[in-house]
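The structure appears below as structure tokens.
Residues: numbered from 1 along the sequence shown. Note that the coordinates shown come from a computational prediction; the quantities given were computed from them, not determined experimentally.
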Amino acid sequence: MAIFSVYVVNKAGGLIYQLDSYAPRAEAEKTFSYPLDLLLKLHDERVLVAFGQRDGIRVGHAVLAINGKDVNGKYTADGKEVLEYLGNPANYPVSVRFGRPRLTSNEKLMLASMFHSNQVCGAGRP
């Protein structure tokens, strides 16, 4: 059994410490010509693959980088919207890196708040 995350939560439910040690990311980078043969949708401020799987790119993977520059949510490093950038035929051929979406700090806190601490007592003690 592997441990991927450690969360220390106080009795009031506040996150005290959080450590992530993920397995290596499953990322796939591919160069595309126009038109893009994957259906991309905006979901939770991220651009995700909604339909179409190929070459290690799966439904639910997020766009992580375009032409070697990291993507921040739904915007490229230049401040353009990813869907708008990929919809323009003048930007092709384009290299896009896909992978599992990274958790935001808010999502980490939400995950941590779902854990409930149970007090463990010694044998025979209430």
For this session: Search all heavy atoms of Pro93 against all heavy atoms of Thr31 and return the closest pair with its distance.
Result: CB-CG2, 4.1 Å

Exercise. Can you tell me how far CG of Asn72 sits from CG of Leu64, rounded to the nearest 0.5 angstrom?
Worked result: 11.5 Å

Exercise. Tell me the side chain to side chain donor-acceptor pair (under 3.5 Å) pairs involving residues 73-84, sequence neighbours left out?
Worked result: none

For this session: Indicate the atoms forming the closest heavy-atom contact of Val59 with Ala50, along with that distance.
Result: CG1-O, 3.9 Å

Exercise. Looking at residues at least two apart in the chain, or sitting in another chain, which of them share a side chain to side chain donor-acceptor pair (under 3.5 Å) with Arg97?
Worked result: Glu27, Asp70

Exercise. When rounded to the nearest 0.5 angstrom, what is the spacing between NZ in Lys30 and OG in Ser95?
Worked result: 10.0 Å

For this session: Each residue besides Leu83 in its hydrophobic cluster should be listed here, by chain and number; the cluster joins Ile, Leu, Val, Met, Phe, Trp and Tyr at side-chain heavy-atom distances under 4.5 Å.
Result: Phe32, Tyr34, Leu36, Leu38, Leu40, Leu42, Val47, Val49, Ile57, Val63, Ile66, Val71, Val82, Tyr85, Leu86, Tyr92, Val94, Val96, Phe98

Exercise. Can you list the residues that meet the side-chain contact (heavy atoms from CB on, under 4.5 Å) rule with Val8, with sequence neighbours excluded?
Worked result: Ile16, Tyr17

Seminar exercise, completed: Applying salt bridge (Lys or Arg N to Asp or Glu O under 4.0 Å) to Arg54 and not counting sequence neighbours gives Asp37

Problem set entry | By side-chain contact (heavy atoms from CB on, under 4.5 Å) - contacts of Asp44 (at least two apart) | none

